[in-house]
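Letters A, B, ... are given to chains in the order of the sequence lines, protein chains preceding strands, and every chain is numbered from 1.
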Amino acid sequence: MSKRVTPRSEDYAKWYTDVVLKAQLADYGPVRGTMVIRPYGYAIWEAIKAAYDLRFKETGHENAYFPLFIPKSYMSREAQHVEGFAKECAVVTHTRLRATEDGSGVEVDPDSKLDEELIIRPTSETVIWSLYKQWINSYRDLPILINQWVNIVRWEMRTRLFLRTTEFLWQEGHTAHATKDEAVAETLKMIEVYRQVAEDELALPVIVGLKSEAEKFAGAEETWCIEAMMGDKRALQSGTSHYLGQNFAKAFDVTFRNEANEEQYVYATSWGVSTRLIGAVIMAHGDDQGLRLPPNIAPIQAVIVPIYKDDSRDEVLGATKELASLLEATGARIKLDDRDTVSPGFKFNEWEMKGVPVRIELGPRDLKQSTVMVARRDTGEKLSFSNDQIVSRLPELLTEIQSGLYKQARDFREANTYSPGNWDEFKELMNTGGFARCGWDGDPLTEAAIKNETKATVRCILDEQEPAGIKCIHSGKPARYLVIFAKAY
RNA sequence: CGGAACGUGGCGCAGCCCGGUAGCGCACUUGACUGGGGGUCAAGGGGUCGCGGGUUCAAAUCCCGCCGUUCCGACCA
């Protein structure tokens with residue numbers, strides 16, 4: 001493997017894969033479409049997870065765990081749901097192996113065939129609603145506000161590390177409510193939580209909107225989403241929150257008695273974000289040196305690299321250890337890279353590849369002057385600070401980098417968001433890349449035609465209100481919605 | 001599932017056309033020198049050439065079959 005990553009301008013897809021592999025975030029698993037999340041990548045996931053989990057709990061949700069296996073028959077209860085997921089379900093048909101007769105290996109034991117096959121969850125609405133049926137009898141049992149952090153399997157044809165893999169990690173919230181208003185409010189509350197954490201913690205500017213009929217979740221009445229622009233100007237759906245109406249309650253016959261002693265179906269929501277967010281962070285912030293991590297989710301916020309010759313070694317190492325504990329006392333996540341086996345130049349490149357926001361160099365020169373050299377990953381700037389300064393400046397520096405990365409990504413999105421005036425301009429824009437903010441007549445046939453001609457899809461509907469005086473970019477009819485069109489991952 | 005390419009030390013590749021001792025770079029091991037942007041020199045270790053069959057005195061190389069992977073489409077968080 002070469003030392004550098006493929007430049008983004010040369011081959012964006014290859015750049016992405018290079019960064020994932022060289023920053024040691026993930027590796028390919030032995031089964032097609034699977035990935036191994038390596039410790040550094042998993043640490044990023046843990047930070048993202050912690051940020052979301054905190055907000056979920058603050059908004060009244062509890063974590064639980066539902067089984068991986070779902071009876072096949074459950075999948076067919078909700079008509080749209082089965083249509084949406086049937087083609088990508090992994091199915092368990094047998095329960096054991098046996099040695100082959102010639103002893104050369106193992107084979108499926110035909111005697112162990114299951115009467116009813118099991119589906120490995122592609123999402124858990126069905127299994128969860130089969131339990132909610134048992135748990136809900138009265139309005140006094142509502143609302144139920146449950147979340148789970150789990151792995152799921154969707155047998156995709158083509159996969160890409162973090163963005164689309166056969167198995168991935170996510171969280172899925174599943175709530176049950178007595179009224180439509182309450183369920184709709186929950187749906188909106190959670191998309192707002194998604195927006196906040198994406199923007200405040202991942203420094204990922206997102207657009208909040210509603211999915212079109214074609215793009216919404218299989219089984220939902222309405223799907224709300226957050227959409228982000230990646231470094232190649234394509235869109236990435238980064239989180240979704242669904243208002244499910246009474247669809248699953250009806251499919252699983254979940255009713256309750258309201259205060260007037262009337263039997264009613266329960267209203268539902270579900271919402272999820274996945275390890276795909278790691279892909280979003282990589283593509284929103286990464287550059288040709290590798291990853292650039294927002295300090296709030298960086299496993300290491302500042303790395304200290306000692307620089308010494310044999311005669312200065314003990315003195316420098318002593319000083320860096322002291323500095324490390326001073327900086328740790330500020331609450332920052334610090335790594336002292338005291339490996340003696342690689343050169344400082346190697347460490348610089350390695351930590352830049354891994355996106356550590358701040359690098360602090362300390363060598364004999366600094367020792368004499370009581371200073372340190374500080375390099376910012378976001379701007380590449382190198383600055384000299386006195387020993388005292390760095391301790392008070394580091395927290396500020398991390399805050400600046402956090403907001404700087406957000407601002408860079410938002411400016412990039414704004415600079416690449418256009419309002420094309422006619423169909424030719426639209427087509428040209430979809431060729432060169434970017435978001436198109438324009439009118440759409442709301443007709444699924446128009447949407448399909450646009451996708452067919454340009455590969456662009458409705459990323460989200462910005463406002464449910466009919467926009468005055470705006471025409472559909474494709475049909476020229478009065479627009480039903482103001483939307484964002486873009487090519488998406 | 002349609003189109004294309006590729007399977008050779010851990011990784012990336014050359015060798016194949018034209019059959020005859022399996023090679024290069026990176027990585028790895030040991031030592032010395034080095035150390036402020038991916039170090040230098042020296043000495044080492046490691047390969048059933050994806051699997052199965054065929055042709056041949058002889059197969060990484062030619063032929064047939066299978067398996068796998070990647071890329072491009074359709075599908076998708």
key: Between C1' of B/G73 and CZ of A/Arg164, the distance in whole Å   = 12 Å

key: Watson-Crick or G-U counterpart of B/A59, or none if no pair lies under 3.5 Å   = none

key: By ring-ring contact (aromatic ring centres under 6.0 Å, His included) - contacts of A/Phe85 (at least two apart)   = A/His81, A/Phe217

task = Starting at atom CG of A/Asp288, determine the distance to atom P of B/G38, rounded to an integer number of angstrom.
result = 19 Å

ask   = In whole Å, what separates the P atom of B/A43 from that of B/A22?
value = 23 Å

inquiry  = Please give the distance between the P atoms of B/G45 and B/G3 as a whole number of Å.
reply    = 48 Å

remark   = In whole angstroms, the gap separating P of B/A77 from CD of A/Gln171 amounts to 15 Å

Assigned partner base of B/U21, Watson-Crick or wobble definition, under 3.5 Å = none

query = Under a 3.5 Å cut-off for both distances, is B/G38 Watson-Crick or wobble paired, and to whom?
reply = none

key: Non-neighbouring partners of A/Val391 that pass side chain to side chain contact (heavy atoms under 4.5 Å, CB included), sequence neighbours left out   = A/Leu326, A/Leu327, A/Thr330

request  = For B/C51, give its Watson-Crick or G-U wobble partner with both distances under 3.5 Å, or none.
outcome  = B/G65

Which atom pairs, donor and acceptor, lie under 3.5 Å between side-chain atoms of residues 351-364 of chain A and protein residues at least two apart or in another chain?
unit_1, atom_1, unit_2, atom_2, d
A/Trp351, NE1, A/Asp337, OD2, 2.8
A/Glu352, OE2, A/Arg359, NH1, 2.9
A/Lys354, NZ, A/Gln24, OE1, 3.4
A/Arg359, NE, A/Glu361, OE2, 3.2
A/Arg359, NH2, A/Glu361, OE2, 2.9
A/Glu361, OE2, A/Lys382, NZ, 3.2

request  = Just jot down the salt bridge (charged side-chain N to carboxylate O under 4.0 Å, His left out) partners of A/Lys14, sequence neighbours excluded, or say none.
outcome  = A/Asp18

inquiry  = Can you tell me the base-pairing partner of B/G9? Count Watson-Crick or G-U wobble geometry only, both distances below 3.5 Å, and say none if there is no partner.
reply    = none

message = Expressed as a whole number of angstroms, how long is the span from A/Lys347:NZ to B/G38:P?
response = 14 Å

ask   = What interatomic distance, in whole Å, is found between P of B/C16 and the corresponding atom of B/U21?
value = 13 Å

ask   = Rounded to the Å, how far apart are A/Gln24 CD and B/C11 C1'?
value = 13 Å

inquiry  = Only pairs with both distances under 3.5 Å count, Watson-Crick or wobble alike; so what is the partner of B/U70 in this structure?
reply    = B/A4

ask   = Which residues satisfy the side chain to side chain contact (heavy atoms under 4.5 Å, CB included) test with A/Asp340, sequence neighbours excluded?
value = A/Tyr308, A/Arg313

message = Which is more 5' along RNA chain B, the nucleotide nearest A/Leu236 or the one nearest A/Tyr28? Just name the residue.
response = A/Tyr28

query = With rounding to whole Å, what would you report as the distance between B/U69 and B/U30 at their P atoms?
reply = 36 Å

message = To the closest 0.5 Å, what do you measure between CZ (A/Arg413) and CD1 (A/Ile484)?
response = 8.0 Å

key: d(CG, A/Asp27; C1', B/G10) in whole Å   = 11 Å

query = In chain order, what residues pass the side chain to side chain contact (heavy atoms under 4.5 Å, CB included) check against A/Glu192, with sequence neighbours excluded?
reply = A/Arg195, A/Gln196

query = In whole Å, what separates the C1' atom of B/A14 from that of B/C26?
reply = 15 Å

task = Decide, yes or no, whether a salt bridge links A/Arg55 with A/Glu201 under the criterion of side-chain N to carboxylate O below 4.0 Å.
result = yes

request  = Give me the ring orientation class for A/Phe168 and A/Trp170: parallel if the planes are under 30° apart, tilted from 30 to 60°, perpendicular past 60°.
outcome  = perpendicular

message = Taking salt bridge (charged side-chain N to carboxylate O under 4.0 Å, His left out) as the definition, give me every residue that meets it alongside A/Lys216, ordered by chain and number, with sequence neighbours left out.
response = A/Glu213

note = Residues pairing under side chain to side chain donor-acceptor pair (under 3.5 Å) where one sits in residues 363-372 of chain A, two or more places apart or in two chains, turn out to be A/Asp366-A/Thr371, A/Gln369-A/Thr371

ask   = For A/Lys211, which of A/Glu222, A/His242, A/Glu227 qualifies under side-chain hydrogen bond (donor to acceptor under 3.5 Å, both in side chains)?
value = A/Glu227

task = To the nearest Å, give me how far apart CD1 (A/Ile152) and P (B/C76) are.
result = 15 Å

message = When the C1' atoms of B/U8 and B/C24 are compared, how many Å lie between them, rounded to an integer?
response = 12 Å

ask   = Taking the same atom, C1', in B/G47 and in B/G10, what whole-Å distance lies between them?
value = 11 Å

Residues within residues 444-455 of chain A bordering RNA chain B, heavy-atom distance below 4.0 Å = A/Lys451, A/Lys455

ask   = Just checking, is any N or O donor in the side chain of A/Glu447 or A/Ser212 under 3.5 Å from an acceptor N or O on the other one?
value = yes

Sorted by number, the residues of residues 273-283 of chain A with heavy-atom contact under 4.0 Å to RNA chain B = A/Ser274, A/Arg276

key: Sugar-phosphate only, base, or nothing, as touched by A/Phe217 at under 4.0 Å among non-hydrogen atoms   = nothing

key: G-U wobble or Watson-Crick pairing nucleotide for B/C28 (cut-off 3.5 Å, both distances)   = B/G44

request  = Could you run through nucleotides 29-37 of chain B and give me one letter per nucleotide, 5' to 3': B if any protein heavy atom sits under 4.0 Å from the base, S if only the sugar-phosphate is that close, - if neither?
outcome  = ------BBB

inquiry  = Return the pairing partner of B/C76 with a 3.5 Å limit on both distances, Watson-Crick or G-U wobble; otherwise return none.
reply    = none

message = Without decimals, in angstroms, what is the distance between A/Trp155 CH2 and B/C1 C1'?
response = 16 Å

key: Listed partners of A/Arg333 passing side chain to side chain contact (heavy atoms under 4.5 Å, CB included), at least two apart   = A/Gln301

